[in-house]
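For clarity, every value in this text was computed on a predicted model and none was experimentally measured. Residues take their numbers from the sequence shown, with the count starting at 1.
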Amino acid sequence: MSRTASPAPPLPATAPPPPPSPSPSPSPDGPSARARTGAYARLPRLAGTSFLPVAFLARLPFSMLTIGTLLLVTQTTGSVAHGGLASAATALGTAVGGPTQGTLADRVGQRRVVLACVPLAVLAVAALLVASADPSGAGLAAVLGAAALVGASVPQVGPLARVRWIALTADEPRTLSAAMSYESTADEVSFVLGPALVGVLAAAGSPQVAVVVAAVLVATAGTAFALHPTARTAAPAHAGPASTAVAPGVPAGLRGALHLVRRESVAVVGMVAMGLLFGGTQAALTAFTRDAGSPDVAGLVYAVMGVGSAVTALSVVALPDRWSHAARWAGFAGGLLLGAGSLLGAASTGSLAAVVAAVAVVGLFVGPVMVTVFTVAGDRAPAGRTAAAMTLVASANVVGVALGATSAGQLAESVGTTAAFAVPVVAAAVLLVTGVSLTSRPRAGRGTGPAAAAAVR
């Protein structure tokens with residue numbers, strides 16, 4: 001039934017009150033910028049105030065043991081090559097152990113897995129210290145074996161923390177975005193602070209002291225992370241049936257693993273490329289500062305990238321919702337490619353100041369790309385396989401770092417220092433191509449994972 005307008009009442013003699021201020025119309029991009037950035041205040045209320053410091057301290061040993069193993073083996077053997085082999089063995093152990101930890105966490109829960117990994121990692125560090133004390137002859141094989149065990153057993157705190165956030169923010173996509181941004185920032189800070197802490201401890205004492213301190217952090221902060229109440233939010237779930245499209249005669253366990261790799265292939269390639277950029281930049285900067293007569297500043301120059309990355313990673317939450325994750329990936333990767341190109345150009349001039357400025361530009365795009373890749377990985381994870389997906393992607397980064405450092409180091413020695421800076425350019429180009437391939441995927445082909453609210457659009 002239609003409504004007809006009633007006659008207007010007579011106007012009062014007194015002036016009417018001023019009309020109320022119009023309420024702001026909702027932005028087509030969703031919540032206001034204040035609401036977006038306010039999502040960070042929601043994180044400690046969801047997880048508890050102790051979770052943020054506990055998870056941060058628990059992830060420090062990962063970056064400490066990577067550089068600590070390199071310094072320890074280099075000092076005890078007197079060979080940088082042996083130290084590099086030990087570092088590569090640590091990366092290989094992480095590549096195998098990381099996804100294994102994630103798969104087990106999906107099946108039996110994070111608490112059991114981390115509580116098992118903590119004593120195993122402490123024993124592995126002890127074995128590394130003993131083996132490195134006599135690395136001659138067959139002792140080198142023992143050193144490499146212990147280093148691989150260290151990489152495999154150190155708890156995968158970063159990826160597992162992201163799984164907890166996905167569970168805690170299931171109905172809050174904006175808070176999930178803030179959590180992913182925070183996690184990437186925490187990773188960046190830890191990968192700057194960890195090596196710096198090792199350098200201070202090694203200079204004040206010895207590499208052995210630095211490695212022991214890392215083991216103590218594993219035992220204390222790692223245990224606290226395992227026992228934190230948020231571990232219950234990532235309770236084991238029954239995974240859905242593995243896709244039979246992989247191969248009909250393949251055993252179920254292998255079929256499930258292949259299905260996971262296929263679903264996460266884009267994120268894995270992207271994170272290998274990110275690692276390639278990290279490792280290549282580290283090695284290239286080391287060679288550049290050596291040639292410039294200031295080898296001790298290589299770490300400080302590389303830290304400039306981490307500072308910019310941490311700041312922009314926190315800013316991702318303020319991006320408008322209409323900018324899809326796929327488009328963000330391609331856009332930020334494009335900026336990363338331009339930054340890497342400017343770094344190559346700066347290196348060709350031989351100016352340290354120009355290189356520092358270019359590294360700062362590269363860092364501005366690193367954080368947003370990392371946040372986006374992990375968000376895409378969480379979205380594409382099969383049901384009940386979120387931990388396996390996150391640890392798989394994080395391990396891909398470690399593999400990329402080893403490949404990047406090796407390839408850039410070889411280029412620096414055989415071709416020249418400037419040529420080593422081509423590795424970050426190639427890595428950024430791979431990231432861009434991967435992002436473009438993601439944007440071109442049909443909507444019907446998307447998977448639905450536990451972070452469906454942050455789906456790739």
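The distance from the OG1 atom of Thr220 to the CG atom of Leu57 is 7.5 Å, given to the nearest 0.5 Å. Within the model, atoms OG of Ser395 and CD of Gln156 stand 5.0 Å from one another, a figure rounded to the nearest 0.5 Å. A distance of 6.0 Å separates CG in Leu72 from CG in Leu129, rounded to the nearest 0.5 Å. Note: Phe365 CZ to Leu431 CG = 13.0 Å, rounded to the nearest 0.5 Å. Remark: Arg112 CZ to Leu104 CG distance equals 11.5 Å, nearest 0.5 Å.
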Arg328 and Val371: CA distance, side-chain angles, deciding distance, side-chain contact (heavy atoms from CB on, under 4.5 Å) verdict: CA-CA 10 Å; Arg328 293 179 191 183; Val371 173; over 6 Å; no

Show the numbers, then the answer: is there a side-chain contact (heavy atoms from CB on, under 4.5 Å) between Glu172 and Leu46? CA-CA 11 Å; Glu172 303 179 29; Leu46 276 176; 4.2 Å; yes

Please assess Leu276 against Val423 for the test side-chain contact (heavy atoms from CB on, under 4.5 Å), listing each intermediate value before the final yes or no. CA-CA 7 Å; Leu276 194 68; Val423 175; 4.1 Å; yes

Could you give me the CA-CA distance, side-chain angles and deciding distance for Met274 and Phe278, then say whether side-chain contact (heavy atoms from CB on, under 4.5 Å) is met? CA-CA 6 Å; Met274 285 300 307; Phe278 292 148; 3.5 Å; yes

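The side-chain heavy atoms of Arg162 and Asp187, taken from C-beta on, include a pair separated by under 4.5 Å. The shortest side-chain heavy-atom distance between Leu285 and Val355 falls under the 4.5 Å cut-off. Residues Ile166 and Met180 meet the side-chain proximity criterion, which asks for heavy atoms closer than 4.5 Å. At least one side-chain heavy atom of Phe62 sits under 4.5 Å from a side-chain heavy atom of Val398. Between Leu227 and Leu115 the shortest side-chain heavy-atom distance falls below 4.5 Å. Counting only heavy atoms from C-beta outward, the side chains of Phe225 and Gln110 approach each other to under 4.5 Å. The shortest side-chain heavy-atom distance between Thr169 and Arg42 does not fall under the 4.5 Å cut-off. In this structure the side chain of Phe421 never reaches within 4.5 angstrom of the side chain of Ser348, judged on heavy atoms.
Nearest heavy atoms, Ala340 versus Val362: N-CG2, 3.7 Å. Nearest approach of Ala267 to Trp329, heavy atoms of both residues: CA-CH2, 4.1 Å. The shortest heavy-atom contact between Val118 and Pro155 is CG2-CG, 4.1 Å. For the residue pair Trp165 and Leu43, the shortest heavy atom distance occurs at CH2-O, 3.6 Å. Nearest heavy atom pair, residue Val163 against residue Ala387, reads CG2-CA, 3.5 Å. The shortest non-hydrogen separation linking Phe374 to Met390 is O-CE, 3.5 Å.
Note: Trp323 and Phe332 have tilted aromatic rings, judged against thresholds of 30 and 60 degrees for the angle between ring planes.
Listed for the Ser309 side chain is no donor-acceptor partner under 3.5 Å among the backbone atoms of Met305. Here the side chain of Thr94 pairs a donor or acceptor atom with the backbone of Gly151 at under 3.5 angstrom. Side-chain atoms of Ser177 do not come within 3.5 Å of backbone N or O of Pro173 as any donor-acceptor pair. Gln101 contributes no side-chain N or O that, together with a main-chain N or O of Thr391, makes up a donor-acceptor pair within less than 3.5 Å. Under a 3.5 Å cut-off, the side chain of Thr312 and the backbone N or O of Leu364 do form a donor-acceptor pair. In this structure a side-chain-to-backbone donor-acceptor pair under 3.5 Å is missing from Arg380 to Glu264.
Arg164 and Glu183 are not joined by a salt bridge, as no carboxylate oxygen comes within less than 4.0 angstrom of a charged side-chain nitrogen.
Atom CZ of Arg111 is surrounded by more than 12 heavy atoms from other residues, nucleotides or ligands within 6.0 Å.
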